[in-house]
Amino acid sequence: MITEFDFDLFVVGAGSGGVRAARMAAAKGLKVAVAEDRALGGTCVNVGCVPKKLFVYAAQFAELFYASAGFGWSIAAPPKFCWATLRDNKTREIERLNAIYEDLLKNSGATLLTGRAIIEGRNQVAVEGVTYAARSILVAVGGWPFIPEFPGSQHAVSSNEMFFLEQLPKTAIIVGGGYIAVEFAGILNGLGVDTHLVYRGTDILKDFDRDMARKVSAGMQTKGVIMHLQRDIVEIKEHDDGYRAVFSDLQTLDADLVMYATGRRANTANLGLEHTKVELREDGSVVVDANFQTAEPSIYALGDVIERVQLTPVAIQEAMVLIDHLFGDAQQTIDYRDIPTAVFSQPELATVGLSEEQARNEFAHVEIFVSDFQPMLQSLGGGADRITMKLVVDSATDRVLGCHMVGDHAAEIIQGMAIALKAGVTKAQVDATIGIHPSAAEEYVTMRTPTG
Ligand code: NDP
């Protein structure tokens, strides 16, 4: 039995959850180590939320240039886009953030160990050939893109590679109907790439309110994304300078790039967890209890690796709850209900609470309020965008159960509505709120007549 530990907490993985846990524990005066074998900040900072949002901004300019004409602007020459400038400026910004993460960790007093960590036992972690003894170990290694195996699947790239492409393709096929596929379809389309989205189901974004997902799908198609629904690719062949995707009905589609966004899997391979009692599910994710403890009492896990909710703010909150539980007064909690989320598709989708379908399953009397209108920008700017807002209300209690929006600034607006929902807002309270005029958000407080 180990009696002296090098560290009170050894965090494996310096992503959003791992860094927050390490900083909080170090701030309490504990001896903390963090091991990371890639850039600091994990998926979100390096190949996820942050660079993705920068690319979304880049993709929106074409429409803004177009709209500017109606407001009196003329641009002398047609605007030109340079992929290398965007990619390299993005990389510089991410490197700046990596450095901030390093400072944050070091200033908190945590020890940063660079290299792959291998868990050698319930209290031992090795990094670069040195074994450390730790009272507790936190597995916060996140996830990794999953691409199914089939003939030619090695030709497909994942979202990881999209951030570093040598060249922007002329034509791209994106496979999947979830967050990443839909977001990248919007990015590429906005940057001028002929973009095909291939999805095996009938409607993209299947976990969202159906009406709202369909609005996103319609909006994407209006902007130029070509949808191939209920289609499966069975083979990818190299073809001329690009690739030929073969569908199950043997029809083909050619493109310079094929990207798969078919989910992410927990990053638990080759981590040494077989040396412990930690239990994994078939998909590799770590089984934890309500306090993020694994079947090995000294080992904890949180964030994408436990595959509860794969969202950065959730991993951060989980980290705060864990550290408070392990080393504080165990006051902090996490509530997985009513988590707001946004898909940075074009048009954007944001949502909090129950979809209409979920509400109708759970509640006997549901009222739906919808407002669908043209954004004011378009009165002079032209374009075909719409904004759709939806409230789902339990008419028995008047409580707002869900709030959904498709259109410009949806994420910014829904974040505020999420606070109201969390506080148990009623429809009457929403109605009693004065609007901000002129804004899109004011529509939420002026919906008087149920549409369903
Ligand atoms: P998602 O789980 O959101 O979507 C995966 C998609 O791939 C689904 O449409 C699924 O189809 C399809 N799919 C799965 N397996 C196959 C297969 N073998 N063949 C064809 N299609 C398949 O995963 P993502 O990769 O888009 O994103 C991973 C997670 O990352 C998200 O769930 C989200 O939590 C997080 N994320 C959050 C973002 C944000 O907050 N804005 C942005 C990006 C990611 P089906 O629907 O039929 O199952």
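Just so you know, these numbers come straight off a predicted model, no measurement behind them. When a ligand or atom number is given, it counts from 1 through the structure's own listing order.
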Quiz item: Against heavy atoms of Lys52, which atoms of ligand 1 measure under 4.0 Å?
Solution: 41 (N), 42 (C)
Quiz item: Would one find more than 12 heavy atoms of other residues, nucleotides or ligands at under 6.0 Å from atom NE2 of His409?
Solution: no
Quiz item: Against heavy atoms of Lys206, which atoms of ligand 1 measure under 4.0 Å?
Solution: 45 (P), 46 (O), 47 (O), 48 (O)
Quiz item: Relative to the heavy atoms of Ala342, which atoms of ligand 1 are at a distance of less than 4.0 Å?
Solution: 39 (C), 40 (O), 41 (N)
Quiz item: For ligand 1, which atoms, with element, lie under 4.0 Å from some heavy atom of Leu311?
Solution: 37 (C), 40 (O)
Quiz item: Among Pro340, Gly263, Ala411, which residue places a heavy atom closest to atom 23 (O) of ligand 1?
Solution: Gly263
Self-check item: Pair Glu296-Thr276, side-chain donor/acceptor within less than 3.5 Å
Solution: no
Self-check item: Closest approach of any protein heavy atom to atom 32 (O) of ligand 1, naming residue and atom
Solution: Tyr179 CD1, 3.8 Å
Quiz item: Among all protein non-hydrogen atoms, which one is nearest to atom 18 (N) of ligand 1, and what is the separation to 0.1 Å?
Solution: Pro148 CG, 3.5 Å
Exercise. May I ask you to say whether Glu93 pairs ionically with Arg96, meaning some side-chain N is under 4.0 Å from a carboxylate O?
Key: yes
Self-check item: Nearest protein heavy atom with distance in Å, relative to atom 26 (O) of ligand 1
Solution: Ile180 N, 2.8 Å
Self-check item: atom 22 (C) of ligand 1 [closest protein heavy-atom partner, distance rounded to 0.1 Å]
Solution: Thr262 CG2, 3.3 Å
Self-check item: Nearest-neighbour protein heavy atom for atom 46 (O) of ligand 1, which is reported as residue plus atom name and distance
Solution: Tyr199 OH, 2.7 Å
Quiz item: Does a donor on one side chain sit under 3.5 Å from an acceptor on the other, for Gln429 and Thr433?
Solution: no
Self-check item: Proximity flag Gly201 to ligand 1, non-hydrogen atoms under 4.0 Å
Solution: no
Quiz item: Out of Phe344, Phe164, Trp83, which one pairs with Phe55 under the ring-ring contact (aromatic ring centres under 6.0 Å, His included) rule?
Solution: Trp83
Quiz item: Mind checking whether Thr341 has an N or O less than 3.5 Å away from an N or O of ligand 1?
Solution: no
Quiz prompt | Electrostatic pair Asp256:Lys170 at N-O distance under 4.0 angstrom | solution = no
Self-check item: Residues Arg281 and Asp283 bridged, charged N to O under 4.0 Å
Solution: no
Exercise. For atom 42 (C) of ligand 1, grab the closest protein heavy atom and report residue, atom and distance to one decimal in Å.
Key: Glu183 OE1, 3.3 Å
Self-check item: Protein heavy atom at shortest distance from atom 9 (O) of ligand 1
Solution: Gly177 N, 2.9 Å
Quiz item: Using a distance-only test with no angle check, is there a side-chain donor-acceptor pair under 3.5 angstrom linking Asn46 and Asn160?
Solution: no
Quiz item: Of all the heavy atoms in Tyr260, does at least one lie under 4.0 Å from an atom in ligand 1?
Solution: no
Self-check item: Asn270 atom CG: more than 12 heavy-atom contacts under 6.0 Å
Solution: no
Quiz item: Are any of the N or O atoms of Val343 closer than 3.5 Å to those of ligand 1?
Solution: no
Self-check item: Thr341 and Tyr179: side chain donor to acceptor below 3.5 Å
Solution: yes
Quiz item: Which is closest to atom 20 (C) of ligand 1 by heavy-atom distance: Arg231, Gln310, Arg308, Arg200?
Solution: Arg200
Exercise. Say whether Gln317 and Tyr336, considering side chains only, have a donor N or O and an acceptor N or O under 3.5 Å apart.
Key: no
Practice problem: Starting from atom 1 (P) of ligand 1, find the nearest protein heavy-atom neighbour and note its residue, name and distance. | Solution: Gly178 CA, 4.1 Å
Exercise. Taking only heavy atoms of Ala261 into account, list the atoms of ligand 1 that are under 4.0 Å away from them.
Key: 5 (C), 6 (C), 7 (O), 25 (O)
Exercise. Apply the side-chain contact (heavy atoms from CB on, under 4.5 Å) test between Ile414 and each candidate in Thr351, Val352, Leu349; give the one that qualifies.
Key: Val352
